[in-house]
S.K.: 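Dropping a structure here in structure tokens format, bear with me for questions.
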There are 2 protein chains.
Amino acid sequence: MTDYKVPARDMQFVLHELLDYEAHCQRLTNGEDATRDVVDAVIEEAGKFCENVLAPLNRVGDTEGCKFDNGTVTTPTGFKEAYRQYIEAGWPSMIHPVEYGGQGLPESLETIVSEMVGTANWSWGMYPGLSHGAMKTIGTHGSDEQKTTYLKHLIAGEWTGTMCLTEPHCGTDLGMLKTKAEPSADGSYAVTGTKIFISAGEHDLAENIVHIVLARLPDAPEGTKGISLFIVPKFLPEGDGIGARNNVACGSLEHKMGIHGNATCVLNFDGAKGFLIGEANRGLNCMFTFMNGARLGTAIQGLSHAELGFQKSLAYAKDRLQMRSLSGVKNPSGPADPIIVHPDVRRMLLTQKAFAEGGRMLAYYISQLVDVEYNGTDDAERAEASELLAFLTPIAKAFMTESGFESANLGMQCFGGHGYIAEWGAEQNVRDSRISTLYEGTTGIQALDLLGRKVLQSQGEMLKRFTKIIHKFCQGHKDNAALQAYIEPLAAVNKEWGELTMHIGLAAMNNADEVGAASVDYLMYSGYITQAYFWARAAAVAQAKLGGSESDFYQAKLKTATFYYQRILPRTRTLHETIKSGAANLTALDAEHFSF
Amino acid sequence: MTDYKVPARDMQFVLHELLDYEAHCQRLTNGEDATRDVVDAVIEEAGKFCENVLAPLNRVGDTEGCKFDNGTVTTPTGFKEAYRQYIEAGWPSMIHPVEYGGQGLPESLETIVSEMVGTANWSWGMYPGLSHGAMKTIGTHGSDEQKTTYLKHLIAGEWTGTMCLTEPHCGTDLGMLKTKAEPSADGSYAVTGTKIFISAGEHDLAENIVHIVLARLPDAPEGTKGISLFIVPKFLPEGDGIGARNNVACGSLEHKMGIHGNATCVLNFDGAKGFLIGEANRGLNCMFTFMNGARLGTAIQGLSHAELGFQKSLAYAKDRLQMRSLSGVKNPSGPADPIIVHPDVRRMLLTQKAFAEGGRMLAYYISQLVDVEYNGTDDAERAEASELLAFLTPIAKAFMTESGFESANLGMQCFGGHGYIAEWGAEQNVRDSRISTLYEGTTGIQALDLLGRKVLQSQGEMLKRFTKIIHKFCQGHKDNAALQAYIEPLAAVNKEWGELTMHIGLAAMNNADEVGAASVDYLMYSGYITQAYFWARAAAVAQAKLGGSESDFYQAKLKTATFYYQRILPRTRTLHETIKSGAANLTALDAEHFSF
């Protein structure tokens, strides 16, 4: 069994047939070179690296983990050599500015590579993955000098980056953070405090690590309005390379459920030299540049674990012989039938397939919105993309990671008792995926962002922007009889989405707890409808191409769409009911009476 | 934070107030001594041992795991001493026959102790837990000589037992098993073969291990009708103790996702001396004695992980300060509110609470059916109990483990990013619980047992027996206005249960795959209704006791019941729809077209 096979055909379906990727790129300021040939070459070349180099290291990373010794972190065997190959091939530079050594290609290309890297080896992928956020933050908010000093090395992959937000007593509630930054005479700052859960915070892959750190100036206001952002490098830059060691050190590694190959660090800043980035006390705003990207990156993690779980369990289900099909022997020459004959095994496989392929459609669509937001040529389109992106980011992050975790578990379940044993990798996939609903804002936090900050604070406008797109799609296909099994339920649930939102909005006017009470169910409800929209679009594309040489492929798309509509979308029925049940059933019980 | 606190008040509620445990025992042939005082003393004494001895070893077991060295297995630090205390207190003997040194008390008492042991430390609990099945099997199917030889030592806990079914190429499909048993001149058999996934298959807690092994005689028919059952002790019995070492050895330990404290062994039988138990070629029938008990034991595992997840996350949610309540500051003197103020955290806590307390009601109810089946005084009642038990066993096993795993995950989610870190124990609870939906028959296998073997093969009779009980309960409370929020939806869904079953039965007459296609969703649907019945019963008990000194406790029961009806029972809406969608959406896709 191979560790991972790039799903190139499906990636091409989404990019070229569903999203008309080449035409999209040609409308960007930086997309001229992103022709179909280039995109397909990226899939092929990055794909080979992922299949041949990264995937075989996935279990190594889990088994060995990272070693900590007196401040030094050693990554698992093979990680360093793989990183060397990765930067030699120039992958870190693909989407970054040409003036600092990048290739300046559209952001969406990174999404494609991230999916492959992440599916092959999520723990490894986090080392270069975190760098993108640091580059983006410096590129957007840094001074010219900061860009010149840091971007070249980060883009070359010689240095990597981190984001340092969380402290022991606060994660979500960053207003409580205590790390201090005191001005020094030379214009820099002395940063002191403890940060935890710093992914890739210390390692041996690159010569330097650039920490992007939230801290407070001495005179800062309390709460979130008194937080500033600093660049704190592990080694201070000197000339065209590195100089003195800075006073930041890894104090320990966390013992985690999974992603053992990635170093999750406690970082101690002890008067470390830092450089203010952006305006004082506006650090949280700058950080959101980083954060939104990280949330989309984590959405891809959901897709990655769904794809990996699917590939592993599909191979096993075709191979493992156990029991006979209830509807008649299917493998008469063998001692039993392969378990893929059993409808319930197929239910588990199809659920993973629907979430992986559906997640891919949503992720690639969103990556095009990012392209347009940053490099669109039409201001109105850019504004529209930005608004849609703000609406879809929490859905993608939370829904795709929740469905990724569900998929990883279903994949493991297909193995029966063998799924619990490490050698098959199915249980590692579950453990690795489990963090995705926690970091970069839990599912609960995404849900409050969606329902509270986005939908209700915009008076429903942000929702309407998307439901109008769905409505228009449904209208456009209302006369195509072959698609009505998708179009009709989609139109119905799309209409219900607006009504339900209105219902929550009215209830929330009387009781703010109605928002929290509805939030997670509302996010998942929104996610199922969003996926239904993409599955209907996929069905429309596939329907039009039946009869050709790839009919089997398009038939499979239609059958998976049907599965989605009949077996997954009905989850909205429960969610509609639980959302309408209101807050009282959650708030009635006194905190002291939860147990006796 | 304590590792585990016995939920004594809720256990007493279920036993005494809901199930009238003392009266139940008094109607059994062996229940005279099981008075309320005795039951409460069992909870208190076993509870102390679980809280003080077993619970602190739970993390030790996870961290250290079992050590394997050339056939020898060393259990984690403290396990052996805890086992010594456990047998000294006489716990293994409680429910076993007086003539072999047991105390002869009702089986249901073991359920109570199992819950506490399992919640405190599931991995440890499996060592004595597996022995019960071996004792039961020998007690039911063994010859008098076998009982005399083995039961005394097993009941004293000096020896432990195992069940050896699975082989590398077959778990569910036992008809394929290859282990051979060849007759020897002395009437014993030489057993040869490899068994895998043998829990507690080798360890250092007891002086001997009694393996109950499925194997084939030389002239046995193929398939499940050619399987016989053997006793294969690690050391051959001699005099009143042990003699020569038998040719069975542990070849290796599995590397598992969780339950690290329990040794999951590959056992190699190399002409090991075995003794036929029961009739030749009827081994599978004998094994079901063991298997049904093991399934109920695993159901309790679901309850245990729900309870443990709930306790850990409740303590954290009261303690962790993060953000302010949307409906106004609740902790003005602190820097933030405890996260239990947030409705979505409450949703996660209440879901765990509802599954833990609901699972307890179902598990204890089922344990009374076991009592009546084995030791009832009325033949009609015994037959009725046996039939109800056959119907409820797959529901309890699969539904309680699925909801236990969901609960463990929700508990972990309450911790945010900290949940992913080992020190809190929340992620261990998830890993430990994950096996419960796999072993002793996966959820898929339980679902086929329920829908195929039990409900449809009995022409719906087995279902009707239970829906009648629910109907009668609803009728009995139809005039109590205060209970209608529970009674009306229960009556409606109970009626729907029968209609839906009829629908599946008719579809299955044309296509046997309809059974497999509906099975898991049907099992979960049945589980939600079964739980709704118990929550309505709990509400009825609580409603009648409002106003007294424990009003807070009973109010909490009613509020949890309301939560269950408004937030959990609606899951049946989705399942009803997906079940009715039929088999075609699962069977339409050719196995070769799942990926391209």
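Both backbone and side-chain heavy atoms feed into the values below; hydrogens, waters and symmetry mates do not. Here is the naming used below: chain letters follow the sequence lines, and residue numbers restart at 1 for every chain.
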S.K.: Look at the side chain of B:His260 and the backbone N and O of B:Thr63, then say whether any donor-acceptor pair between them is shorter than 3.5 Å.
M.R.: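 Not a single qualifying donor-acceptor pair exists.
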S.K.: Less than 3.5 Å apart, any donor N or O on the side chain of A:Arg434 or B:Asn409 sitting next to an acceptor on the other?
M.R.: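 The criterion, which ignores hydrogens and geometry beyond distance, is satisfied for B:Asn409 and A:Arg434.
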S.K.: What part of B:Met323 gets within 4.5 angstrom of chain A, counting heavy atoms only: side chain, backbone, both, or neither?
M.R.: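 Backbone plus side chain of B:Met323, per the 4.5 Å heavy-atom cut-off to chain A.
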S.K.: For B:Met412, which atoms come within 4.5 Å of any heavy atom of chain A: side chain, backbone, both, or neither?
M.R.: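 Both backbone and side chain.
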S.K.: Report the option among B:Asp552, B:Val430, B:Thr560, B:Thr587 that has the most heavy-atom pairs separated by less than 4.5 Å from atoms of chain A.
M.R.: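 Top count of heavy-atom pairs under 4.5 Å with chain A: B:Asp552.
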S.K.: Chain A: which of B:Arg567, B:Arg573, B:His255 shares the most heavy-atom pairs with it under 4.5 Å?
M.R.: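 Of B:Arg567, B:Arg573, B:His255, B:Arg567 has the most heavy-atom pairs under 4.5 Å with chain A.
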S.K.: Determine the minimum heavy-atom distance between B:Ile579 and B:Asp521, stating which atoms define it.
M.R.: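 Looking at all heavy atoms of both residues, the shortest contact is CG1-CB, 3.5 Å.
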S.K.: Check each atom of B:His342 against the heavy atoms of chain A and say whether the ones under 4.5 Å are side chain, backbone, both or neither.
M.R.: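 Neither part.
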S.K.: Side chain of B:Gln446, backbone of B:Leu523: donor and acceptor closer than 3.5 Å?
M.R.: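 Checking the backbone N and O of B:Leu523 against the side chain of B:Gln446, no donor-acceptor pair under 3.5 Å is found.
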S.K.: Specify which of B:Arg320, B:Arg571, B:Glu423 makes the most heavy-atom pairs with chain A at under 4.5 Å.
M.R.: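 Between B:Arg320, B:Arg571, B:Glu423, the count favours B:Arg320.
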S.K.: Among B:Asp590, B:Leu326, B:Leu321, which residue forms the greatest number of heavy-atom pairs with chain A at distances under 4.5 Å?
M.R.: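 Top option by heavy-atom pairs under 4.5 Å: B:Leu326.
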S.K.: What part of B:Ile196 gets closer than 4.5 Å to chain A, counting heavy atoms only: side chain, backbone, both or neither?
M.R.: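 Just the side chain, heavy atoms under 4.5 Å.
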S.K.: State whether B:Phe553 and B:Arg9 meet the cation-pi test: NZ (Lys) or CZ (Arg) under 6.0 Å from the six-membered ring centroid, and within 45° of the perpendicular axis.
M.R.: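 Yes.
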S.K.: Identify the heavy atoms of A:Asn511 and A:Ala583 that sit nearest to each other, and give their distance.
M.R.: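 Taking A:Asn511 first and A:Ala583 second, the nearest heavy atoms are ND2-CB, 4.2 Å.
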